[in-house]
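Because only heavy atoms are used, hydrogens play no part in the values below, and waters and symmetry mates are left out as well, while side chains stay in. These numbers were taken from a predicted model, which means no experiment stands behind them.
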Amino acid sequence: AVPKRPPNIAILGSDGTLLANRGETGGREISLSELPPYLPQAFIAIEDRRFYTHAGIDPIGIGRALSRNILRAGGGVQGGSTLTQQLAKNLFLTQERTASRKIQEAILALWLERKFSKNEILELYLNRVYFGSGAYGVEAAAQKYFGKSAREVTIAEAAILGGLVQSPSRLAPNRNPDAAHARASLVLAAMQRDGFISDAQMKEALARPADAQKSKTANSVLYAADHVIDKLDDLIGSIEGDLIVTTTLNPMMQAAAEKALTEELATKGQKFGVSQGALLAMDPDGAIRAFVGGRNYSESQFDRVTSARRQPGSAFKAFVYLAALEKGLTPDTLRDDAPINIKGWQPENYAKEYRGPVSLTEALSQSLNTVAVRLGLEVGPKTVATTAQRLGIKSKLDANASIALGTSAVTPIELVSAYASFANGGVSIEPYVITEVITREGDLLYTRPDALPHQVIDPGILASFNVMMRETLKSGTAKRADLPNWDAAGKTGTSQDFRDAWFIGYTGALVTGVWLGNDDNSPTKHVAGGSLPVEIWSRFMKQALAKTKPIMLPASDVPQSDLLSVLGRALFGSPSQNNSTAQKGPLILQPQTDGSQPN
């Protein structure tokens, strides 16, 4: 029996565009009827011009090959194989070149010709032949070398593919374009000779030879593709055939995230001693929109979004202050910013200066360590840990005094997921990336069920909390954040010795976290959360939200002027925005702190 072709998994963005293929073949199976006629004709012309008339073996071709090769040293028999013989070799045999193997190949070719029609054999061949670089089949090869489906290749590109199978390593157009073009010229001449293309078409293709696509990106979407495959196994189990997986990933946001991170590292990474980074963006309901697991996928496949556990530093203080509000404190509660000694441990502020009595809002926005530690001890380290876990932190947390300064390591996806509750009204979320899985035939295997979230933060407490978190961007450590017209909040984080730099920022439409550091955990050159991470976040968010109408965060002190401005934009839009873009969430209007309702 003909062995089953290994399944391919096509991963689509939220808009239906192909993001990546996963599987042993590198592309999906494609039918002969989907291809332009000149693509299979290119293979017939150069590899087996008598394909439709022979019975699986071509005596004329074998005789010609024997006359050339029989006297060569070693007695190896080369050439003369029909497409059917090549298919037999690919399906059943090894790559050794011996007389006995050639006899087996011929017998199996005769069997294939009896079992399948010529077009079925040609279709099997085009989907099984190896094109180099991990691509099996013309669809995988067209995607690999030209960034398009085999259904869309030009005559010049078809000639490249037709000539490539003779020696995929030597004739790969991305490695040896001169040899690939020389071989393609022979293919075009053969196609013209056999009447598959006209003389004018051949001249046109020769005048404009096909060039392989040159990757201009860091292929960050492949980190996301790996994450999709990890999740897919849990959802549908074993994979029997080709699948099409629709995801929440937004191609525009993915590209913007990659560009913001990689360009920042390219221009400033060496100067500041930082070599790696990660960025994750999700809707407040947990739908992942952009997923960048590192600087360059081809250089390192380690996914820092889900697998890198790093100290969050002050980005963890959000849970300390939330726990304090839940214990009855308010944004205006005063606590002393002064030296503190806990059994010999003496945490200091970043500037090694102290302000005396300060409000909790000022202490959080300025990221004062002594106040955070005092609050952590006041509410209890176990309470802080429980609060973080309630919001989605799954990593082990050490419930001690230093937990307030983010000394327990977490992953970026945990931190961003927990912050999503601050943006969505205090509801729990589980991050997700897959919305639907179907077979190539269209059979539905999975569709994401409606979520059943529950309230994890009291709305009144969350309103006060967001007042404090917003101040970080207005006057605190993230005041360099630049997101015009948006109500935004967040928290910076810098771990000990500047080993990790974070910024987790959110609006009512999107929650985004940025991490920078080094894989070997070596210190950076004083990269703090309020510097490069904030710059990357701002650059990404401005592009990601450019066509989205601003949404207010749940908060209790929205100035009337800001409220009217946002309400006007929500109702009428602005000249610079695309008014056809649907609003991503409700306009949340909270009562004023004095109990009055906003006008």
Side-chain angles (χ1 to χ4, degrees), residues 5-40 42-43 90 122-165 168-169 171-177 180-181 184 187 209-229 232 239 241-247 249 251-252 254-255 258 296-298 301 437-440:
R5 186 177 186 268
N8 179 71
I9 302 163
I11 299 172
L12 310 183
S14 58
D15 62 353
T17 59
L18 179 67
L19 299 179
N21 284 298
R22 278 289 183 265
E24 295 179 28
T25 56
R28 75 172 181 88
E29 193 169 11
I30 196 164
S31 64
L32 202 60
S33 61
E34 295 178 78
L35 300 173
Y38 51 77
L39 179 53
F43 294 85
N90 278 305
L122 185 57
E123 187 173 289
L124 278 169
Y125 174 86
L126 292 172
N127 279 296
R128 302 297 181 97
V129 69
Y130 184 56
F131 288 88
S133 299
Y136 289 84
V138 289
E139 177 66 11
Q143 294 286 356
K144 173 67 181 178
Y145 295 118
F146 305 120
K148 62 176 68 173
S149 171
R151 295 171 295 180
E152 302 166 351
V153 297
T154 65
I155 292 174
E157 291 165 344
I160 290 281
L161 296 175
L164 183 56
V165 294
S169 59
L171 298 172
N174 59 346
R175 296 179 182 176
N176 194 348
H181 290 149
V187 175
D211 291 318
Q213 65 172 350
K214 294 181 179 179
S215 178
K216 297 180 180 179
T217 74
N219 293 317
S220 68
V221 75
L222 299 183
Y223 291 109
D226 289 348
H227 181 63
V228 169
I229 296 302
L232 187 64
I239 299 170
D242 285 2
L243 298 180
I244 300 171
V245 181
T246 302
T247 72
L249 295 164
M252 179 277 289
Q254 182 69 31
E258 177 183 298
N296 191 303
Y297 186 85
S298 62
Q301 291 80 54
V437 182
I438 62 174
T439 65
R440 189 163 68 94

For residues [X] and [Y], report the shortest heavy-atom separation together with the two atoms involved.
{"X": "Tyr38", "Y": "Ala158", "result": "CD1-CB, 3.8 Å"}
{"X": "Arg440", "Y": "Ile244", "result": "CA-CD1, 4.4 Å"}
{"X": "Val187", "Y": "Ala159", "result": "CG2-O, 3.7 Å"}
{"X": "Ile30", "Y": "Ala150", "result": "CD1-CB, 4.3 Å"}
{"X": "Leu222", "Y": "Tyr297", "result": "CD1-CD2, 3.5 Å"}
{"X": "Gly162", "Y": "Ala42", "result": "CA-CB, 4.4 Å"}

Atom pair [atom1] ([X]) and [atom2] ([Y]), whose distance is rounded to the nearest 0.5 Å:
{"X": "Phe43", "Y": "Leu122", "atom1": "CZ", "atom2": "CG", "result": "9.0 Å"}
{"X": "Leu243", "Y": "Ile438", "atom1": "CG", "atom2": "CD1", "result": "9.0 Å"}
{"X": "Arg151", "Y": "Leu35", "atom1": "CZ", "atom2": "CG", "result": "9.0 Å"}
{"X": "Glu29", "Y": "Leu126", "atom1": "CD", "atom2": "CG", "result": "11.0 Å"}

Inset, instruction - Please lay out, stage by stage, how Val245 and Val228 fare under the test side-chain contact (heavy atoms from CB on, under 4.5 Å). - result: CA-CA 9 Å; Val245 181; Val228 169; 4.0 Å; yes
Pairwise side-chain contact, [X] with [Y], heavy-atom cut-off 4.5 Å (strictly under):
{"X": "Thr154", "Y": "Phe146", "answer": "no"}
{"X": "Leu19", "Y": "Pro251", "answer": "yes"}
{"X": "Ile160", "Y": "Tyr145", "answer": "no"}

Inset, instruction - Report the residue from Glu157, Glu139, Gln143 that forms a side-chain hydrogen bond (donor to acceptor under 3.5 Å, both in side chains) with Lys148. - result: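 The residue from Glu157, Glu139, Gln143 that satisfies side-chain hydrogen bond (donor to acceptor under 3.5 Å, both in side chains) with Lys148 turns out to be Glu157.
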Between side-chain atoms of residues 5-12 and protein atoms elsewhere (two or more places apart, or another chain), which donor-acceptor pairs fall under 3.5 Å?
| residue | atom | partner | partner atom | Å |
| --- | --- | --- | --- | --- |
| Arg5 | NE | Asn127 | O | 2.9 |
| Arg5 | NH1 | Gly27 | O | 3.3 |
| Arg5 | NH2 | Gly27 | O | 3.2 |
| Arg5 | NH2 | Tyr136 | O | 3.2 |
| Asn8 | OD1 | Gly27 | N | 3.2 |
| Asn8 | ND2 | Asn21 | OD1 | 2.9 |

Polar contact flag, side-chain donor to acceptor under 3.5 angstrom, [X]-[Y]:
{"X": "Ser149", "Y": "Glu152", "answer": "no"}
{"X": "Ser31", "Y": "Glu123", "answer": "no"}
{"X": "Gln254", "Y": "Glu258", "answer": "no"}

Inset, instruction - Spell out, as yes or no, whether a donor-acceptor pair under 3.5 Å connects the side chain of His181 to the backbone of Pro173. - result: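 The answer is no, because no donor-acceptor pair under 3.5 Å joins these two groups.
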Legend entry - Polar side-chain atom of Ser133 near backbone of Ala135 as donor-acceptor pair, under 3.5 Å: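 Not a single qualifying donor-acceptor pair exists.
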Inset, instruction - Applying side-chain contact (heavy atoms from CB on, under 4.5 Å), run through Phe131 and Val165 and close with a yes or a no. - result: CA-CA 6 Å; Phe131 288 88; Val165 294; 3.7 Å; yes
Inset, instruction - Mark yes when over 12 heavy atoms from residues, nucleotides or ligands other than Glu34 sit less than 6.0 Å from its CD; otherwise mark no. - result: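 Yes, because the 6.0 Å sphere around CD of Glu34 holds more than 12 heavy atoms from other groups.
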